[in-house]
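The structure displayed is predicted, hence computed values, not measured ones. Order of listing sets the numbers, starting from 1, for every ligand and every atom in it.
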Amino acid sequence: MGHYKSNVRDLEFNLFEVLAIDRVLDSGAFGDLDAPTVRAMLGEAARLAEGPLAESFADADRNPPTFDAAAHAVSLPASFIRSTRAWQQAGWHKVGLKEEVGGTAAPSVVKWSIWELILGAQPAAFVYTSGPQNAEILHILGNATQRRWAEIAAAREWSGTMVLTEADAGSDVGACRTTAMRQADGSWRLEGVKRFITGGDSDISENILHLVLARPEGAGPGTKGLSLFVVPKFHFDPGTGELGARNGVFATGLERKMGLEASATCELTFEGTTAIQAQDFFFRKIGRDRGAAFAHVTDQIAKFLAGSVGGGRLERERALLATALEDVEAMVATLTGFRSAAQQEPAELYRIRLVSVRFLLAVGDLLIGWLLLRQAGVALTAIDTSGSTPFYEGKVAAASFFAKNVLPQLGTVRTIITDVDLGPMDLDEAAF
Ligand SMILES: Cc1cc2nc3c(=O)[nH]c(=O)nc-3n(C[C@H](O)[C@H](O)[C@H](O)COP(=O)(O)OP(=O)(O)OC[C@H]3O[C@@H](n4cnc5c(N)ncnc54)[C@H](O)[C@@H]3O)c2cc1C
């Protein structure tokens, strides 16, 4: 038995009681897939996750992958390969994918529920079983020839990678220097060095389909000049999938990490990218449609508050959520004001950058508070109709705790954002 204990009850609660997916399933949108089948699938997948999939977790961490520099080859621990194959053979990694890449129709939330089980039990195995997901991307974006490659890759369980990062092009993806040169036969020759590539090489599959960002010769600068190239580790027959000659892509190093050892990565970094995600959230995710998508979500919270979920039993919590919503809407108005002011005075943009992470986290808290209260409402209805259980009582208590202990902090964040000054930006470089 492995280290992992799943929580199928909670998955079922969210799928059937909170999101009511049986209504979608009953409409026939996913063929014969019905609620009892989804419940059975979750049970089966959880058994596999807790058993054969999880059981090699400690061994794979204590006996990490090895790298043969002469052969440019990574070898994974045998126990880990056994675990990963068990999941592949059961077909759980293809649930919810397109039929053309071997998938079976299912709502995204069902796919993600099953992914939660593998990500909890053996996260590195998720990396090596995600080849069909990459193939699906190629199938959606590619031409007829590339769609055929995608079908072959998924059918033969080839691994897949996403190859973006370079030594001087991490967050700044547009700085990518890997170059693609068109060849006389219509193919492309790539030149460059990438790093930190998850699953960049391994012996778990006969081939790897790398999806590589590179700049075609003569293309413009930045992200707009980049293209995505398909680079197989081994060439292959496009009709049968039979492997041919080794292609010119090689692993030149394997990074030792502090955890998740079985996921073969070239280097290790301790830095995160929250600041970038926070700026992306305000400038692109909210800004791209002038806040329409964001307003759609806040409208749903407002509708929830206008209803009577939980009645008197969630009165205090609903009041706290209403204040939190008001706080976040005020933050958006303040940030939008800074952005408008930047048209006259560009330095005003720094105000947004200085508070963007706080804003991102505040929106996250608002959404979590809302979703927990929705769950608490469902739980209270169940208690009223079928009697109290510790599971439902736990849902109400968690929502109440979050509302009282986390949501009030948003008022302080609102004040911080309103009052942000440019002091740090005025400092001399030597002060850092
Ligand atoms: C375990 C692991 C697996 C990975 N797997 C893959 C993979 O499969 N494929 C792949 O392509 N890459 C992969 N990566 C690389 C990952 O995508 C990069 O580490 C990431 O994009 C950050 O780039 P960087 O490490 O060069 O850091 P940098 O870009 O140098 O960033 C360093 C720090 O500066 C901050 N920063 C940078 N620019 C700004 C800005 N404009 N404003 C504010 N703050 C900023 C960042 O938030 C970060 O904290 C992996 C990394 C790790 C650690």
(message) Out of all atoms in ligand 1, which are within 4.0 Å of some heavy atom of Arg195? Include the element for each.
(response) 26 (O)
(message) Out of Gly170, Ser171, Ser356, Ala175, who is nearest to atom 28 (P) of ligand 1 when you count heavy atoms only?
(response) Ser171
(request) Could you check whether the rings of His72 and Phe250 sit parallel, tilted or perpendicular, using 30° and 60° as the cut-offs? (result) tilted
(message) Check Glu17 with Arg374, please: is the shortest side-chain N to carboxylate O separation under 4.0 Å?
(response) no
(request) Could you list which atoms of ligand 1 come closer than 4.0 Å to a heavy atom of Gln279? (result) 42 (N), 43 (C)
(request) Answer with yes or no whether Arg353 contacts ligand 1, where contact means a heavy atom under 4.0 Å from a ligand atom. (result) no
(message) List ligand 1 atoms under 4.0 Å from Ile197, heavy atoms only on the residue side.
(response) 7 (C), 8 (O), 9 (N), 10 (C), 11 (O)
(request) Determine, using heavy atoms of Thr161 and all atoms of ligand 1, whether some pair is separated by less than 4.0 Å. (result) no
(request) Would you mind checking if Glu166 and Lys194 are paired as a salt bridge, meaning a charged N to carboxylate O distance below 4.0 Å? (result) yes
(message) So that I can tick it off, tell me whether Arg9 and Glu12 are bridged by a salt bridge, with the cut-off set at under 4.0 angstrom between side-chain N and carboxylate O.
(response) no
(message) Please enumerate all residues that pass salt bridge (charged side-chain N to carboxylate O under 4.0 Å, His left out) together with Arg351, with sequence neighbours excluded.
(response) Glu348
(request) Return yes or no for this condition: an N or O of Thr165 is under 3.5 Å from an N or O of ligand 1. (result) yes
(message) Is there a polar contact between ligand 1 and Asp172, counting only N or O atoms under 3.5 Å apart?
(response) no
(request) With heavy atoms of Met162 as the reference, note each atom of ligand 1 found under 4.0 Å away. (result) 7 (C), 8 (O), 9 (N), 10 (C), 11 (O)
(message) List the residues meeting ring pair (Phe, Tyr, Trp, His ring centres under 6.0 Å) with Phe281, not counting sequence neighbours, and say none if there are none.
(response) Phe359
(message) Strictly below 4.0 Å, N to O, side chains only: are Asp10 and Lys395 in salt-bridge contact?
(response) yes
(message) Need the ligand 1 atom indices (1-based, order shown) with element for anything under 4.0 Å from a heavy-atom of Phe196.
(response) 3 (C), 4 (C), 5 (N), 6 (C), 7 (C), 8 (O), 9 (N), 10 (C), 12 (N), 13 (C), 14 (N), 15 (C), 19 (O), 25 (O), 50 (C), 51 (C)
(message) I need the contact type for Leu164 against ligand 1. Using non-hydrogen atoms and a strict under-4.0 Å cut-off, is it side chain, backbone, both or neither?
(response) both
(request) Could you tell me whether Glu217 and Arg182 make a salt bridge, using a distance below 4.0 angstrom between a side-chain N and a carboxylate O? (result) no
(request) Number the atoms of ligand 1 from 1 as they appear, then name those within less than 4.0 Å of a heavy atom of Ala275, with their elements. (result) 43 (C), 44 (N)
